[in-house]
K.L.:
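Structure provided below as structure tokens; questions to follow.
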Amino acid sequence: HPSCHVRFPADVTVLSRTHAEIVREGNQFRLVDKSTNGTFVNGKRITEALLQPGDKLGFGNTLVRFEVQDESDQAYTEAVAQLLNLDDLTGLLLRRRFDAELALLAAQAAGSGEFLSLLAMDLDGIKAINDQHGHLFGAYTISETGKLIDRLLDQRGIACRFGGDEFIAALPAHDLERATAVAEQIRQAVSVHPYSYEGIALKPAISIGVAVLPRHASDPEALFRAADAALYAAKRNGKNRVECAP
């Protein structure tokens with residue numbers, strides 16, 4: 001469930017929406033089962049159990065290990081996770097992490113009957129910026145746009161740098177109307193953002209295609225194809241615009 005602190009890309013028919021809870025009790029941690037199919041500690045089904053470092057926890061068909069970290073351990077883990085999961089130019093998710101998150105969001109949407117929207121985005125004018133000013137100016141523009149997209153999503157969804165000057169965003173619980181409104185927010189924000197590098201003003205724009213599951217597709221791959229086709233329609237129809245999949 002999206003409100004859970006820890007979410008697993010597991011079979012939604014095996015995991016309950018809120019499967020279990022870990023409660024801190026001083027220096028100890030208690031695992032409380034809240035599921036239909038059971039929670040397991042070291043292979044034994046439990047109702048409640050005090051956890052020890054190294055315990056193997058089973059939630060449906062997902063197995064994890066319980067560990068306790070101090071602040072320095074946590075800081076190191078977070079630094080490694082950032083290197084593994086975030087694009088260093090934009091701060092957005094790397095594509096492999098985004099793909100895993102998208103699969104999870106699609107499974108959750110299918111289980112709950114909610115919408116899941118995808119925005120496929122491509123900057124307009126990067127080639128001209130590169131040709132006129134150099135690739136450092138293009139990299140700056142891509143970086144600024146990624147950060148702008150991240151701020152505008154504001155916990156409403158996730159985004160990644162797909163490659164080059166292309167971006168993708170996934171918006172859980174957004175129907176076509178709401179997703180299109182977010183896409184238009186992004187388009188307008190890019191058009192008015194004060195891009196300036198080494199004292200030179202830059203004027204990129206962005207084209208965006210929107211598709212929604214299950215309206216336009218039944219799985220993440222087909223959803224991407226539908227959003228990508230809408231993006232190319234935006235490019236063909238004059239750029240700097242939002243197009244929706246038919």
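Computed from a prediction, not measured in an experiment: that's the story for all the values here.
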K.L.:
Do Thr180 and Ile208 touch side chain to side chain, with heavy atoms closer than 4.5 Å?
P.N.:
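No; the side chains remain at least 4.5 Å from each other.
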K.L.:
Establish whether Ile158 and Met121 are linked, either directly or via other cluster members, by ILVMFWY side-chain heavy-atom contacts under 4.5 Å.
P.N.:
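No: no chain of side-chain contacts under 4.5 Å links Ile158 to Met121.
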K.L.:
Hey, does Phe115 have a side-chain heavy atom less than 4.5 Å from the side chain of Pro214?
P.N.:
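With C-beta onward as the side chain, the pair touches.
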K.L.:
Find the distance between CG (Asp33) and CZ (Phe40) and round it off to the nearest 0.5 Å.
P.N.:
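So the gap between those two atoms works out to 8.5 Å.
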K.L.:
Quick one: are Leu118 and Leu213 in side-chain contact, heavy atoms under 4.5 Å?
P.N.:
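Leu118 does not reach Leu213 side chain to side chain.
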K.L.:
Identify the heavy atoms of Ala211 and Ala245 that sit nearest to each other, and give their distance.
P.N.:
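Ala211 and Ala245 have their closest heavy atoms at CB-CB, 4.1 Å.
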K.L.:
Minimum heavy-atom separation for Pro220 to Ala103, with atom names?
P.N.:
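The answer is CG-CA, 4.3 Å.
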K.L.:
List the steps and the verdict of side-chain contact (heavy atoms from CB on, under 4.5 Å) for Leu123 and Ile129.
P.N.:
CA-CA 11 Å; Leu123 280 170; Ile129 290 173; over 6 Å; no
K.L.:
Are Leu93 and Leu86 close enough that some pair of their side-chain heavy atoms sits under 4.5 Å apart?
P.N.:
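Leu93 reaches Leu86 side chain to side chain.
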K.L.:
What's the verdict on side-chain contact (heavy atoms from CB on, under 4.5 Å) for Val182 and Leu153, showing C-alpha distance, side-chain angles and the deciding distance?
P.N.:
CA-CA 8 Å; Val182 174; Leu153 289 183; 4.2 Å; yes
K.L.:
Nearest 0.5 Å please: distance from the NZ atom of Lys34 over to the CD atom of Glu48.
P.N.:
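Here the rounded value is 8.5 Å.
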K.L.:
In the single-linkage hydrophobic clustering (I, L, V, M, F, W, Y; side-chain heavy atoms under 4.5 Å), do Leu119 and Leu105 co-cluster?
P.N.:
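Leu119 and Leu105: separate clusters.
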K.L.:
Does a side-chain heavy-atom distance below 4.5 Å link Leu102 with Leu116?
P.N.:
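Contact flag for Leu102/Leu116 side chains = yes.
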K.L.:
Does one hydrophobic cluster hold both Ile200 and Leu136, with members joined at side-chain heavy-atom distances below 4.5 Å?
P.N.:
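Linked within one cluster.
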K.L.:
Are the side chains of Thr90 and Ile142 in contact, using a 4.5 Å heavy-atom criterion?
P.N.:
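A side-chain contact under 4.5 Å exists here.
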K.L.:
Under 4.5 Å between any side-chain heavy atoms of Leu176 and His216, yes or no?
P.N.:
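Result yes, sub-4.5 Å side-chain heavy-atom pair found.
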K.L.:
To the nearest 0.5 Å, what is the distance between CZ (Arg30) and CD1 (Ile22)?
P.N.:
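One finds 12.5 Å between CZ of Arg30 and CD1 of Ile22.
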K.L.:
Judged by atom type as modelled, is there a donor-acceptor pair below 3.5 Å linking the side chain of Arg178 to the main-chain atoms of Ser117?
P.N.:
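The answer is no, because no donor-acceptor pair under 3.5 Å joins these two groups.
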K.L.:
Please check this pair: side chain of Ser143 against backbone of Leu89, looking for a donor-acceptor N/O pair closer than 3.5 Å.
P.N.:
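The answer is yes, because a donor-acceptor pair under 3.5 Å joins these two groups.
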K.L.:
Keeping to residues at least two apart or across chains, list the ring pair (Phe, Tyr, Trp, His ring centres under 6.0 Å) pairs with something in residues 128-160.
P.N.:
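Listed once each, the pairs are His133-Phe137, Phe137-Tyr197, Tyr140-Tyr197.
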K.L.:
CD1/Ile206 to CG/Leu148 distance, rounded to the nearest 0.5 angstrom?
P.N.:
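With rounding to 0.5 Å, CD1 (Ile206) is 8.5 Å from CG (Leu148).
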K.L.:
Does CD in Glu221 sit with more than 12 non-hydrogen atoms of other residues, nucleotides or ligands closer than 6.0 Å?
P.N.:
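12 or below, so no.
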K.L.:
Are Ile168 and Leu171 grouped together when hydrophobic residues (ILVMFWY) are joined by side-chain heavy atoms under 4.5 angstrom apart?
P.N.:
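Ile168 and Leu171: separate clusters.
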K.L.:
Find the distance between CG (Leu231) and CG (Asp122) and round it off to the nearest 0.5 Å.
P.N.:
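Between Leu231 CG and Asp122 CG, I get 5.5 Å after rounding to 0.5 Å.
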K.L.:
Quick one: does Asp87's side chain get under 4.5 Å of Cys160's, heavy atoms only?
P.N.:
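No; the side chains remain at least 4.5 Å from each other.
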K.L.:
I'd like to know if the side chain of Arg225 reaches the main chain of Ala227, judged simply by a donor and an acceptor atom lying under 3.5 Å from each other, with no hydrogens or angles considered.
P.N.:
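The answer is no, because no donor-acceptor pair under 3.5 Å joins these two groups.
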K.L.:
Can you check whether Thr36's main-chain N or O pairs, donor with acceptor, with His19's side chain at less than 3.5 Å?
P.N.:
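Not a single qualifying donor-acceptor pair exists.
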K.L.:
Any ring pair (Phe, Tyr, Trp, His ring centres under 6.0 Å) involving residues 156-195? Give me the pairs, sequence neighbours left out, ordered by first then second residue.
P.N.:
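Listed by first then second residue: Phe162-Phe224, His193-Tyr195.
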K.L.:
Is there a side-chain contact (heavy atoms from CB on, under 4.5 Å) between Asp175 and Arg215 once you walk through the steps?
P.N.:
CA-CA 9 Å; Asp175 61 13; Arg215 176 170 177 169; over 6 Å; no
K.L.:
Output yes when Lys235 and Asp124 qualify as a salt bridge under the 4.0 Å nitrogen-oxygen rule, no when they do not.
P.N.:
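Yes, this pair counts.
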K.L.:
Should we say atom CD of Glu184 is surrounded by more than 12 heavy atoms from elsewhere, each under 6.0 Å from it?
P.N.:
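Count over threshold, so yes.
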K.L.:
Roughly how far, to the nearest 0.5 Å, is CZ of Arg161 from CG of Asp150?
P.N.:
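With rounding to 0.5 Å, CG (Asp150) is 14.5 Å from CZ (Arg161).
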K.L.:
Which atom names give the shortest non-hydrogen contact between Pro53 and Glu67, and what distance separates them?
P.N.:
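Looks like CB-OE1, 3.9 Å.
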K.L.:
Please say yes or no: joined through hydrophobic side-chain contacts below 4.5 Å, possibly via intermediate residues, are Leu63 and Leu31 part of one cluster?
P.N.:
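Result: no, two separate clusters.
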K.L.:
Run the side-chain contact (heavy atoms from CB on, under 4.5 Å) test on Asp165 and Thr145 for me, step by step, so that the C-alpha distance in whole Å, both residues' side-chain angles and the decisive distance to 0.1 Å come before the verdict.
P.N.:
CA-CA 9 Å; Asp165 58 347; Thr145 302; over 6 Å; no
K.L.:
Under 6.0 Å from the CZ atom of Phe66, do we count more than 12 heavy atoms belonging to anything else shown?
P.N.:
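Yes, the 6.0 Å shell around CZ holds more than 12 heavy atoms from other groups.
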K.L.:
Minimum heavy-atom separation for Phe98 and Ala169, please, with both atom names.
P.N.:
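Nearest heavy atoms, Phe98 then Ala169: CZ-C, 4.2 Å.
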